[in-house]
2 protein chains.
Amino acid sequence: MVTIKDVARHAGVAPSTVSYVLSGSRKISDETRAAVRAAIDELGYHPRASARTLRRARSEVLVLAVPREPGKYRAVDGRFAIDIGDTARELGYDLLLMTDPDGVRGLTRVARSGLADGAVLMAVRERDPRVAALRKHGFPAALVGHGDESEGDDPPWVDLDWAAAAGLAVREAVAVGHRRIAYWASADHEFAARNGYALRGLAGAEAAARASGAELVVRRSTVDPEALRARLAEVLTARPRPTALLVQHLIPLPLLLEEIAALGLRVPDDLAVVLVGSLPDEAVPRMLPRIELPVGRMAQAAVRLVVDAVEGAERTAGDHELIAPRMADGPPVAAPDG
Amino acid sequence: MVTIKDVARHAGVAPSTVSYVLSGSRKISDETRAAVRAAIDELGYHPRASARTLRRARSEVLVLAVPREPGKYRAVDGRFAIDIGDTARELGYDLLLMTDPDGVRGLTRVARSGLADGAVLMAVRERDPRVAALRKHGFPAALVGHGDESEGDDPPWVDLDWAAAAGLAVREAVAVGHRRIAYWASADHEFAARNGYALRGLAGAEAAARASGAELVVRRSTVDPEALRARLAEVLTARPRPTALLVQHLIPLPLLLEEIAALGLRVPDDLAVVLVGSLPDEAVPRMLPRIELPVGRMAQAAVRLVVDAVEGAERTAGDHELIAPRMADGPPVAAPDG
DNA sequence: AACGTCAGTCGAATCGATTCGACTGGGTTC
DNA sequence: GAACCCAGTCGAATCGATTCGACTGACGTT
């Protein structure tokens with residue numbers, strides 16, 4: 001195992017000199033630097049992360065907390081994990097994936113052991129115990145998504161502007177002539193948990209409908225396939241029937257499309273379908289007009305926010321980034337009576 | 001920042017005694033142990049990971065190498081990342097997510113810096129440079145998936161038995177009466193890369209078809225939507241036309257289903273569709289008969305293999321786990337002429 | 001020639017936990 | 001009562017890099 005001493009001996013200098021060559025924090029003559037560099041290459045030296053971390057009290061590692069209900073998997077979490085890993089690496093940090101079902105215990109352990117310097121939290125709930133635990137330890141954090149309402153000392157967060165996104169979907173539909181529009185909102189349990197995106201998305205759709213004078217038929221989604229089919233059938237067999245369906249709860253999208261087909265309706269001729277908050281690069285959503293969840297931008301913003309906090313930029317608590325929605329490239333919203 | 005010295009002072013013992021209480025590696029009297037425990041709780045002490053790692057030369061961290069083509073995202077990677085994180089934690093390890101596009105550089109850095117003790121490699125290619133790099137550093141590793149052929153000193157791996165899986169799909173179709181079966185194999189570029197699952201899956205399907213006397217029509221898939229539609233249309237408009245379609249390339253599944261519908265064929269009445277290697281818990285696949293990729297079991301096996309290597313169990317190189325396929329719970333394969 | 005300056009380098013302390021050998025005092029043995 | 005043993009605890013060395021103060025010559029100044 002090659003250490004800084006081996007390099008120093010090999011180059012004929014003191015260990016501290018090697019360290020200064022590596023960090024560049026003191027002037028070193030060109031010859032010495034060259035000799036040290038050569039020794040490093042020849043011996044294949046790489047500093048021990050643990051020794052450096054111990055001394056500097058900085059690990060250059062971030063932790064991503066993915067809340068996990070055993071047996072359940074949300075595709076969006078995996079997607080964010082990859083993108084956040086990419087971004088962290090670009091800023092010089094490695095990413096630790098924390099999939100503790102509890103979350104508080106795992107995060108506390110990582111924070112107190114100094115394994116990571118900061119945390120990105122996915123799927124933050126209102127009054128999330130993880131946020132409280134991290135604050136108690138003064139551990140830098142950034143949130144992906146934000147709760148119902150934020151207090152002054154909440155960690156910084158990034159989120160899609162769900163109200164604007166739903167509103168945009170409504171306006172796009174109205175713009176091509178739809179007057180009776182169905183909004184397929186988040187699932188019951190998401191409203192029960194007072195998830196920010198669920199509440200804000202629905203509110204945004206309703207506000208936009210009021211402003212444009214269109215009639216909005218709202219249904220909450222559910223994870224129960226039978227109930228889902230029944231609710232959708234009820235909406236789509238009403239007379240007069242909505243000519244557009246805006247879908248925010250995308251997990252059961254294939255089921256919805258299947259039920260639409262089973263009711264004898266063709267998309268988009270009989271029913272325009274618009275997606276709100278779909279993941280990029282997924283095959284089914286790409287066939288439809290949609291507002292995508294900007295995973296890449298959100299990942300970047302979240303990592304930047306926590307890195308700022310770690311590296312002690314000016315006060316960042318209360319800082320946040322609300323991303324404006326836009327229609328993704330793809331098919332336009334179809335006009336009614338097509 | 002609470003250290004072991006603070007705990008020792010608070011409990012009126014030496015730091016080494018605190019360490020022994022924590023590790024249990026020496027006898028400690030009940031009173032002393034209780035006093036130390038109390039001090040730890042009271043002060044909220046947690047050992048510094050860096051100090052422990054420095055001393056023990058063991059970090060209790062594994063690294064997951066996810067190869068990454070910039071801008072591309074494979075849902076299967078995110079899914080494995082979460083499950084591997086779960087399993088690692090159960091065995092006492094944290095998981096570092098490495099999404100370096102290069103892979104070799106990132107892994108080398110992690111290995112030589114002692115940031116992690118072992119690696120799990122996703123999407124291993126034949127003669128993968130990452131495997132060579134890790135071997136050079138004597139870094140423990142386990143692979144998810146395996147290459148075309150393995151040499152004696154390859155790292156241990158885990159994989160679905162793709163030949164058996166494809167064979168099982170063929171036999172299931174034959175068992176309910178299908179005689180003319182189409183096999184939608186992996187994409188061109190996967191064969192070009194000589195990916196193990198692509199080669200073995202196809203070979204397994206062909207062998208099972210020969211053995212059962214059924215006629216097998218093979219087409220390779222592609223990522224180009226237009227070419228995909230054309231190839232599928234050609235297969236499904238042939239006379240006589242196949243009555244079953246076995247799909248191994250699942251990424252464009254929605255496109256395939258759409259094209260099938262566009263050709264006026266109903267699933268499963270006109271065409272039985274069977275999936276080979278679908279991800280668990282995804283909505284579209286669950287509506288069809290299928291052989292799932294056992295992500296959980298594979299994650300468990302991969303982590304166990306690398307942990308065995310890290311903890312220096314007997315020689316594990318060449319060790320591996322080939323998982324037998326089975327039909328997932330769900331709709332049965334439909335009979336032809338239904 | 002004496003002194004100050006400065007670039008470049010070195011030595012030693014330090015981060016916090018682990019671990020080995022050594023020590024202590026109460027109990028056992030003959 | 002001397003010799004021995006053992007359970008339980010302590011002290012000090014150690015892991016490898018960083019960083020601060022101090023040192024050394026070479027050079028410039030007067």
Side-chain angles (χ1 to χ4, degrees), chain A residues 1-40 43-61 92 109-117 137, chain B residues 1-40 43-61 92 109-117 137:
Chain A
M1 196 46 57
V2 184
T3 76
I4 201 171
K5 274 189 194 167
D6 300 323
V7 174
R9 199 174 320 127
H10 200 266
V13 299
S16 48
T17 302
V18 176
S19 179
Y20 289 126
V21 168
L22 250 20
S23 69
S25 62
R26 275 199 186 178
K27 276 213 120 153
I28 296 288
S29 71
D30 290 346
E31 322 157 61
T32 304
R33 189 182 3 257
V36 169
R37 288 261 160 76
I40 287 175
L43 299 179
Y45 167 74
H46 198 103
R48 306 247 104 190
S50 53
R52 169 173 286 182
T53 299
L54 175 59
R55 181 60 226 245
R56 296 214 279 204
R58 183 73 58 86
S59 67
E60 319 244 274
V61 170
R109 183 174 57 81
V110 169
R112 291 216 296 213
S113 71
L115 199 51
D117 298 331
H137 294 104
Chain B
M1 195 47 56
V2 185
T3 75
I4 200 171
K5 275 189 195 167
D6 301 323
V7 176
R9 198 174 320 127
H10 200 266
V13 298
S16 49
T17 302
V18 176
S19 179
Y20 289 125
V21 168
L22 250 20
S23 70
S25 62
R26 275 199 187 179
K27 276 212 119 153
I28 297 287
S29 71
D30 290 346
E31 322 157 60
T32 304
R33 188 184 2 261
V36 169
R37 288 261 162 77
I40 288 175
L43 300 178
Y45 167 75
H46 198 102
R48 306 248 103 193
S50 53
R52 169 174 284 184
T53 298
L54 176 59
R55 183 60 228 242
R56 295 215 279 205
R58 183 72 59 87
S59 66
E60 319 245 274
V61 170
R109 182 175 58 79
V110 169
R112 292 215 297 212
S113 70
L115 199 52
D117 298 332
H137 294 105

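Just the heavy atoms: all of them, side chains too, but no hydrogens, waters or symmetry mates, feed the values below. Naming: A, B, ... by sequence-line order, numbering from 1 per chain. Not measured: the values here are computed from a predicted model.
At a threshold of 4.0 angstrom between heavy atoms, the contacts of B:S29 are confined to the sugar-phosphate backbone, with no base atom among them. Within 4.0 Å (heavy atoms only), B:T32 reaches sugar-phosphate atoms of the nucleic acid but no base atom. Using a 4.0 Å heavy-atom distance criterion, B:V18 is classed as making no nucleic acid contact.
A:S59 places a side-chain N or O within donor-acceptor distance of the main-chain N or O of A:L115, the cut-off being under 3.5 Å. Proximity of a side-chain donor or acceptor of B:S23 to a complementary backbone N or O of B:S19 within less than 3.5 Å is detected. Remark: the backbone N or O of A:E60 is paired with a side-chain donor or acceptor of A:D117 at under 3.5 angstrom.
Rounded to an integer number of Å, the gap from A:R48 CZ to C:dA17 C1' is 16 Å. As rounded to whole Å, 13 Å separates atom C1' of C:dC15 from atom CZ of A:R56. Between the NZ atom of A:K5 and the P atom of D:dC15 there is a distance of 7 Å, given to the nearest Å. One can place CZ of B:R9 at 18 Å from C1' of D:dT9, the figure rounded to the nearest angstrom. In this structure, the CG atom of A:L22 is 6 Å from the P atom of D:dT18, given to the nearest Å. Separating the CG atom of B:L54 from the P atom of C:dT14 is a distance of 17 Å, rounded to the nearest angstrom. The nearest whole Å value for the distance from the CD1 atom in A:I4 to the P atom in D:dT19 is 11 Å. The CG atom of A:L115 sits 15 Å away from the C1' atom of C:dG16 (whole-angstrom rounding).
Nearest nucleotide to the side chain of A:S16, out of C:dC10, D:dA17, D:dT9: C:dC10. When the nucleotides C:dT9, C:dA17, D:dG16 are ranked by their closest atom to the side chain of A:T17, C:dT9 comes out on top. Of all nucleotides listed (D:dT18, C:dT18, C:dG16), C:dG16 comes nearest to the side chain of B:T3.
At the phosphate of C:dA17, neither OP1 nor OP2 sits under 4.0 Å from any side-chain N or O atom of B:Y20.
For B:R55 and B:R26, each mapped to the nucleotide of DNA chain C holding its nearest heavy atom, the one lying further toward the 5' end belongs to B:R55. Looking at which nucleotide of DNA chain D each of B:I28 and A:P15 is closest to, the 5′-most match is held by B:I28.
Under the side-chain contact (heavy atoms from CB on, under 4.5 Å) rule, A:T17 has a single partner from A:I4, A:I28, A:V7, which is A:I28.
Side chains of B:S29 and B:T32: a donor-acceptor N/O pair is present below 3.5 angstrom, by distance only.
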